[in-house]
Amino acid sequence: MALQRWFDRAAQQSESNGGGVIAGAPKAWSLTVVRDEWRQAAEHMASHDGRLLSLWASRDDKGDEVVRAAYIANPGVLVLSLPLTDVDYPGIEQWFAAANRMQRAVADLSGLRTTDSDTRPWLRHAAWPESFHPLIHVNTPPSPPVPVIDHYPFVPVEGDGVHEIPVGPVHAGIIEPGHFRFSVVGEKVLRLEERLGYVHKGIERRFGELPMLSGHRLAARVSGDSAVSFSWAYCQAMEGMAGANLPARAAWLRALALELERLANHLGDLGAIGNDAGFAFGLAQFSRLKEELLRASERALGQRYLMDFVVPGGTRTDLSSAGARGLLECIESIEAEVDTLRTIYDEHAGVRDRFVGAGVVTPALAAKLGLTGLAGRASGQAFDLRCDLPCDPYGDLTPKKTVRTEGDVAARVAVRFDEVAESTRLMQQILRRLPAGLHHAAISVPDEGALGIGMIEGWRGPTFLALEAGGGGVIRRCHPHDPSWQNWPVIEHAIIDNIVPDFPLINKSFNLSYSGHDL
């Protein structure tokens, strides 16, 4: 009952008092709390299997600073808001480890700091003065000049034979930058500390300069491999705020695009993971299948990567009968080939030797650290928004949840194979049952001060977005959140007691986003 009372209070609190139902994602409420309740609510959430979705800073209707945290638990989503009279607020990383980096990002962007001990910058990288906060000083250029030396205090590991291996931020492949500091004895990893933030682009500040009817395009580019899930989350929040009714055909087309995005990423990762295990044949075959899928997507929906497919009110384009037939043929062909390739992966002794037992995250550790998405489901965390808190049309599609408990690279690969099979099944169902009618409807601009949230289960995990309407049809605040925020810290634990050469394989088995994390 300790948890339920927070939802009960939110349901009873009027909108004028900072509470009530939140528009957008299903079963979401907001609640304004006082300082002592901020940590109390976090403790109750953690003790009742609640999950921290995101934490960010904003301003209320009076222009005062407020910090918000979004949780998901039974019976839904609860967004807590803590109005601030000072620049500090109580930290919650004691119960939710992933909050550490979120709180540090809030400090860099907004100047609001927790009372917890980790005060190291996270996103700033000496790219602007410590006294400058991009989300506060929106019309003030950084001054004095930015320093060129950035001293970051990594945590040292001491002992006989211990030495450090710094990797990155620039890597050998064409990938985004991130720094990994290994403390090792021989090749055995004792500790890994990550430093990210190199891909910070000022996305949250940029949202505040855009009209609400244009924000979905930027949302789609938060993390390019999750364009559909982010743009859908944005539109879900905006449409809920505007009270729009989405045509049934539009919802089904969005689900088709989301599963196409999921399938394309899983195909690419299955090949890349095989390649990191020395199995180049897998890379060649899965790369070919992904390319066939992208070409079929372009023929049917107009883009290889569906950056601009989801728009406010529906979808940018419709799907023709010929396009549907072409997609269906491609998906059926991929389904059959992946089934054969799975058998090859399962029976290849060298591949199995590299996969099994590598990068283990036990279910207990996964629960403690808040591991989510496909990586979480490989470690016993049976959570999938499509099943647990479905938006249209997933309630009609009844997707099946895939869960493993081994928590190693082999389990994460198995989850991907299972999800490929499920996505191909769902897409065939969508293409055969696609409702007739409009694929787009007109949508009005939400009223000033309105708050909405979007939540979509992307291929990597739950994509969350909070949207606030400003005056004159502009965005007052938009906070997008990629599940990589929760999962990046877990890799630091997954690599412990493994050897350094296995890090690329373990890292790729998660395949987290730098761009979606660094914003």
Side-chain angles (χ1 to χ4, degrees), residues 173-175 223-226 228-229 258-297 304-305 330-359 361 373-379 384 399-404 406-427 457-461 483-484 487 491 494 502-513:
I174 306 175
I175 62 174
S223 182
D225 58 13
S226 303
V228 175
S229 62
L258 186 69
E259 297 307 320
L260 282 169
E261 184 170 83
R262 191 184 318 278
L263 178 58
N265 280 291
H266 284 340
L267 291 175
D269 280 357
L270 286 168
I273 295 169
N275 190 57
D276 280 338
F279 192 49
F281 171 82
L283 176 63
Q285 296 304 314
F286 278 108
S287 296
R288 174 180 58 83
L289 294 178
K290 180 178 179 180
E291 178 62 23
E292 290 178 3
L293 182 68
L294 294 177
R295 292 183 183 185
S297 296
R304 289 164 59 85
Y305 295 97
C330 177
I331 291 165
E332 289 174 341
S333 173
I334 288 174
E335 181 182 35
E337 289 207 55
V338 170
D339 189 57
T340 299
L341 286 168
R342 181 171 196 171
T343 300
I344 294 173
Y345 269 49
D346 288 344
E347 294 180 354
H348 191 286
V351 169
R352 299 302 299 172
D353 181 65
R354 293 293 305 279
F355 286 1
V356 175
V361 181
L374 74 90
R377 290 189 288 275
S379 293
D384 187 327
K400 300 173 184 175
K401 194 183 301 184
T402 295
V403 182
R404 301 276 172 150
E406 299 89 346
D408 56 1
V409 171
R412 292 186 282 275
V413 168
V415 167
R416 279 184 168 81
F417 273 117
D418 289 343
E419 292 197 357
V420 164
E422 181 62 8
S423 287
T424 55
R425 185 189 73 85
L426 289 173
M427 284 187 284
E457 184 72 29
W459 73 271
R460 191 178 274 117
S484 298
N487 291 358
I491 293 181
D502 273 348
F503 177 71
L505 174 65
I506 295 169
N507 190 29
K508 177 55 71 174
S509 73
F510 287 85
N511 194 12
L512 305 181
S513 175

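Predicted model, so just to flag it, every value in this text is computed and none were measured.
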Result block: side-chain N/O donor-acceptor pairs under 3.5 angstrom for residues 272-286, not counting sequence neighbours:
residue: Gln285; atom: OE1; partner: Arg288; partner atom: NE; Å: 3.4
residue: Gln285; atom: OE1; partner: Arg288; partner atom: NH2; Å: 2.8

How many angstroms lie between atom [atom1] of [X] and atom [atom2] of [Y], to the nearest 0.5 angstrom?
X      : Y      : atom1 : atom2 : result
Glu335 : Cys330 : CD    : SG    : 11.5 Å
Glu419 : Asn265 : CD    : CG    : 11.5 Å
Arg377 : Asp384 : CZ    : CG    : 4.5 Å
Leu293 : Leu260 : CG    : CG    : 5.5 Å
Asp339 : Ile344 : CG    : CD1   : 10.5 Å
Leu512 : Asp225 : CG    : CG    : 10.0 Å

Practice task
Report yes or no: do Ser223 and Ser513 form a side-chain donor-acceptor pair below 3.5 Å?
Solution key: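 A donor-acceptor contact under 3.5 Å links the two side chains.
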Counterpart residues, side chain to side chain donor-acceptor pair (under 3.5 Å), relative to [X] (two or more places apart):
X      : answer
Ser297 : none
Glu261 : none
Thr402 : none
Asp408 : none

Tell me, please, which residues at least two apart from [X] pass salt bridge (Lys or Arg N to Asp or Glu O under 4.0 Å).
X      : result
Asp418 : Arg342, Arg404
Arg416 : Asp269
Lys400 : none
Glu406 : none

With a 4.5 Å cut-off on side-chain heavy atoms, are [Y] and [X] touching?
X      : Y      : value
Leu341 : Leu289 : yes
Arg354 : Leu505 : yes
Arg460 : Ser484 : yes
Val338 : Leu267 : yes

Return yes if some donor-acceptor pair links the side-chain N/O of [X] with the main-chain N/O of [Y] below 3.5 Å, else return no.
X      : Y      : result
Ser379 : Gly376 : no
Ser509 : Val409 : no
Ser423 : Val420 : no

Handout entry: Closest contact, heavy atoms only, Pro399 versus Leu426
Key =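 What the structure gives for the nearest pair is CB-CD1, 3.9 Å.
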Problem - Tyr305: side chain to side chain contact (heavy atoms under 4.5 Å, CB included) partners, not counting sequence neighbours - result: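 For Tyr305 the side chain to side chain contact (heavy atoms under 4.5 Å, CB included) partners, ignoring immediate neighbours, are Lys290, Leu294.
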Handout entry: Counterpart residues, side chain to side chain contact (heavy atoms under 4.5 Å, CB included), relative to Ala375 (two or more places apart)
Key = Leu371, Arg412, Asn487, Phe510
Exercise for the section: Considering only NZ, NE, NH1 and NH2 on the basic side and carboxylate oxygens on the acidic side, decide whether Glu347 and Arg352 come within less than 4.0 Å. Expected result: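 Result for this pair is no, no salt bridge flagged.
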Handout entry: Cationic N near anionic O, under 4.0 Å, Glu259 to Arg262
Key = yes
Handout entry: Parallel, tilted or perpendicular: ring planes of Trp459 versus His266, cut at 30 and 60 degrees
Key =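 Perpendicular.
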